[in-house]
Amino acid sequence: MLIGVISAASATVALLLFGHYYQIHQNPVEGRSIVFASFAVNSMVYIFAYRSLRRHFMPCARCAKTSR
């Protein structure tokens with residue numbers, strides 16, 4: 001469910017970015033470029049978040065004691 005919410009929010013932000021740049025510059029190429037870059041950054045965030053699932057982001061003191 002969380003992935004769906006994040007994807008929907010990302011798509012909404014990308015659509016708003018495209019609309020903003022298209023309205024200002026009247027050129028869909030610039031808006032498309034910004035949206036493409038935002039999806040690339042979003043994909044990188046997904047990749048690094050998925051890779052870090054094996055490690056705790058902020059380990060608690062109790063977890064540190066049990067792993068020793």
Side-chain angles (χ1 to χ4, degrees):
M1 182 170 143
L2 183 61
I3 292 174
V5 170
I6 293 171
S7 297
S10 174
T12 303
V13 168
L15 187 60
L16 290 172
L17 278 172
F18 177 78
H20 173 73
Y21 280 98
Y22 183 70
Q23 187 177 20
I24 289 175
H25 300 288
Q26 298 298 318
N27 187 0
V29 174
E30 291 181 17
R32 231 180 2 206
S33 299
I34 296 295
V35 169
F36 181 75
S38 72
F39 280 137
V41 169
N42 191 14
S43 296
M44 294 300 288
V45 169
Y46 272 125
I47 289 168
F48 286 112
Y50 180 73
R51 285 187 66 206
S52 67
L53 283 176
R54 290 178 242 159
R55 298 186 304 260
H56 290 291
F57 178 65
M58 295 178 65
C60 62
R62 183 179 53 133
C63 298
K65 289 178 184 177
T66 59
S67 64
R68 290 183 186 168

Problem - More than 12 heavy atoms of other groups within 6.0 Å of Tyr21 OH - result: no
Practice task
Return yes if some donor-acceptor pair links the side-chain N/O of Ser38 with the main-chain N/O of Val35 below 3.5 Å, else return no.
Solution key: yes
Problem - CG on Leu17 to CD on Glu30, rounded to 0.5 Å - result: 13.0 Å
Practice task
For atom CD of Gln26, decide whether the heavy atoms of other residues, nucleotides or ligands shown that lie under 6.0 angstrom number more than 12.
Solution key: yes
Problem - Any donor-acceptor N/O pair, Ser43 side chain to Phe39 backbone, under 3.5 Å - result: yes
